[in-house]
Amino acid sequence: MKRIGIIDVGSNSARLVIMEINESNGYRLVYNQKDPLRLALKTDKNGYLTEEAFASTITCLRGFASMCHFFQADEIIAVATAAIRNAPNGGRLVKQVQAQTGIDLEIISGKTEAYMSYLGVINTINVRDAVIFDLGGGSTEIILVRDRKLAESISLPIGCVTLTRASRQQGASGLEDLKVMARLIAEQLAKTPWLENCGLPLVGVGGTARSIGKVEEKRQKYFTAKLHNFQFDLNDFKDWYKGLASTPPALRRRIPGLSSDRADVILGGSTIIKAIADKARSKKLIISGCGLREGLFCQYLHQRTGRPLIIPDILKESQNDMIHLYCPDEPHCRLVAKFTLELFQGWKKLHGLDQERWRPLLETAALLHDTGITINFYNHTRHSGYIIENSRLFGLSHMDVVFASIIAAWHHGINRTYLRNKPYRKLITETDIQDLSKAALLLAMAECLDYTQSGIIEDIEARVNGDMATLTLIAREDPAVELNRLNSMMKWIRKTLGCPLTLLVKAGVPKASPALPGRAPSPDGTDAVRPG
């Protein structure tokens, strides 16, 4: 096991995350801390960081160093962005940080900052073409993504704190404040001709984007507090943005979802986002909870473990991470997932579930169906549902994660009480429940096919013959326990699939072996089991 501390000293705040990597390269966040430094406001008229900036930064990083020591971090990666990068005495601060805290703070360029934010997003949100913006206190990085590749990027020396400060220095207020901000932003966005009318969705990184996401979730009464991959129409944001300039900072603190330490800079940050959206003619905003720090971690994993820098399939990668963290018997989970998908494919005429939508949900539920055992074996299906619902599964929408969790929770039987008092219950239709029931049955059958967790059944063939479902089991020996479990499910199978099921077993069982009840030897050397 290894622990990595990652520190990001930004213009508005400093953050520390500590990531734990296990022996199978599964990872999880074990600590997170934020300190609102506001370095962008702690500069003199010539742009030099003040003594207050030096003192507060060293105090903050001394605390971060203590937490890294307490959590036994093996390595620390620390970077500084716009406020220290742009200050003529930023290098001196870095030297003092090293001398007084032991932390080697690296000043990274705007291009590097943009690239790390791109890595953090592209490896955690399933977008092929988009405009990513990382809006900080002192700079805004804008990245054009085409086919998941970084096509263009730029770091603009304007952020929510510096823009707010610049408008105040010009004595603007109210609507005049907006005009000053709009002019300053337009001067910077003139450097991004490739952004013009691209029509791509925006992916927002940074505190301002997260704040806007929290406000919008409150406005919508969204069913979960998850921010990462929260998506909404930009017109919804623009609706409440209209009244922001005329709302005094003291009253902005009362906006549901907006933290008090953002109230004074939310107008500047929101105005930058609106300007980017207008120039790009974007219609959708996606909030990313992953950015620079996650990008640094992706780079670390790439350099130390060989994991791809750009993950080809982010859902599969996060499934693997969860398996390595929570699954007590990985071969069993993978075999159950294999059988689940073969049942899904072979019986598509019977279940009628959309291939593109349901296949990844079923695979996720199957791979993680036993994660709840890490909490308690008894009633572990509900625990598995809870873990999936609250996990960091990348590559699925929030509602798709919910559906995968329900499938896992129901794989020992459909139980509608599981949905009682769930915040998403009103969003699930009766048709959804019927579809979830079919998916849960397929997973339940697949689990039965490896009930002994010994891999006796090595493969299956699921087909539809007329009005009959058939299932051929290829086994290396007599799968007596698995067959008994399947026979106990026949009523559920017939009710859900709408037809009877015939089982065929191709097994290396001596012909002299006594046949199990309900099973008769077939003329071709296979054994047939038919429901009564």
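These figures come from a predicted structure and were not determined experimentally. Just so it is clear, the values below take in all heavy atoms, side chains as well, and ignore hydrogens, waters and symmetry mates.
- For the pair Arg3 (side chain) and Phe71 (backbone), a donor-acceptor distance under 3.5 Å is present.
- Contact annotation: the side chain of Pro201 never approaches that of Lys283 to less than 4.5 Å [non-hydrogen atoms, C-beta and beyond].
- For the residue pair Tyr241 / Thr271, a side-chain donor-acceptor distance below 3.5 Å is found, with atom types taken as modelled.
- Counting heavy-atom neighbours within 6.0 Å of Arg15 CZ, excluding the residue itself, gives a total above 12.
- In this structure, the side chain of Lys42 engages the main chain of Leu37 through a donor-acceptor pair within 3.5 Å.
- Ser24 and Asn22 are not linked by any side-chain donor-acceptor pair at a separation below 3.5 angstrom, with hydrogens and angles left out of the test.
- Within the 4.5 Å cutoff, the side chain of Leu144 has heavy atoms near those of the Leu200 side chain.
- When only modelled atom types and interatomic distance are considered, Asp370 and His380 share a side-chain donor-acceptor pair under 3.5 Å.
- Taking the six-membered ring where tryptophan is involved, the planes of Trp358 and Phe403 are tilted, since the angle between them lies from 30° to 60°.
- Of all heavy-atom pairs spanning Cys298 and Arg307, the tightest one is SG-NH2, 3.7 Å.
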field: salt bridge (charged side-chain N to carboxylate O under 4.0 Å, His left out) between Arg219 and Glu216, intermediate numbers included
entry: CA-CA 5 Å; Arg219 279 166 43 88; Glu216 192 56 36; 3.1 Å; yes

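- For the pair Gln98 and Ile103, the minimum side-chain heavy-atom distance is 4.5 Å or more.
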task: Take Arg359 and Glu363 through the test salt bridge (charged side-chain N to carboxylate O under 4.0 Å, His left out) and record every step on the way to the result.
output: CA-CA 6 Å; Arg359 185 181 176 88; Glu363 183 178 31; 5.7 Å; no

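- By the 4.5 Å heavy-atom criterion applied to side chains, Ile77 and Glu106 are not counted as neighbours.
- Put simply, the side chain of Gln33 reaches to within 4.5 Å of the side chain of Met67, judged on heavy atoms.
- Aromatic ring orientation, Tyr300 versus Phe297: parallel (interplanar angle below 30°, classes split at 30° and 60°).
- Open room surrounds CZ on Arg281; 12 or fewer heavy atoms of other groups in view lie less than 6.0 Å from it.
- A donor-acceptor pair under 3.5 Å is formed between the side chain of His369 and the backbone N or O of Ala366.
- With a 6.0 Å radius and a threshold of 12 heavy atoms from other residues, nucleotides or ligands, Lys226 has its NZ atom above the threshold.
- Judged by a 6.0 Å distance limit and a 45° cone about the ring axis, Lys422 is positioned over the six-membered ring of Tyr418.
- Between Ser318 and Asp321, the side chains place no donor N or O within less than 3.5 Å of an acceptor N or O (distance only, hydrogens not considered).
- Atom CG of residue Asp239 and atom CG of residue Leu234 lie 11.0 Å apart, to the nearest 0.5 angstrom.
- When all heavy atoms of Leu315 and Gly395 are compared, the closest pair comes out as CB-CA, 4.4 Å.
- In this structure, Thr247 and Leu267 have side chains that are not in contact, with every pair of non-hydrogen atoms separated by 4.5 Å or more.
- Aromatic ring orientation, Phe223 versus Tyr424: perpendicular (interplanar angle above 60°, classes split at 30° and 60°).
- Taking the side chain as every heavy atom from C-beta outward, Ile323 and Leu368 approach each other to under 4.5 Å.
- The environment of NZ in Lys218 is sparse: at most 12 heavy-atom neighbours from other residues, nucleotides or ligands sit within 6.0 Å.
- The neighbour count for Gln72 CD, taken as heavy atoms of other residues, nucleotides or ligands under 6.0 Å away, does not exceed 12.
- The side-chain heavy atoms of Lys2 and Ile4, taken from C-beta on, include a pair separated by under 4.5 Å.
- Counted by atom type alone, Thr364 and Gln319 present one or more donor-acceptor pairs between their side chains at under 3.5 Å.
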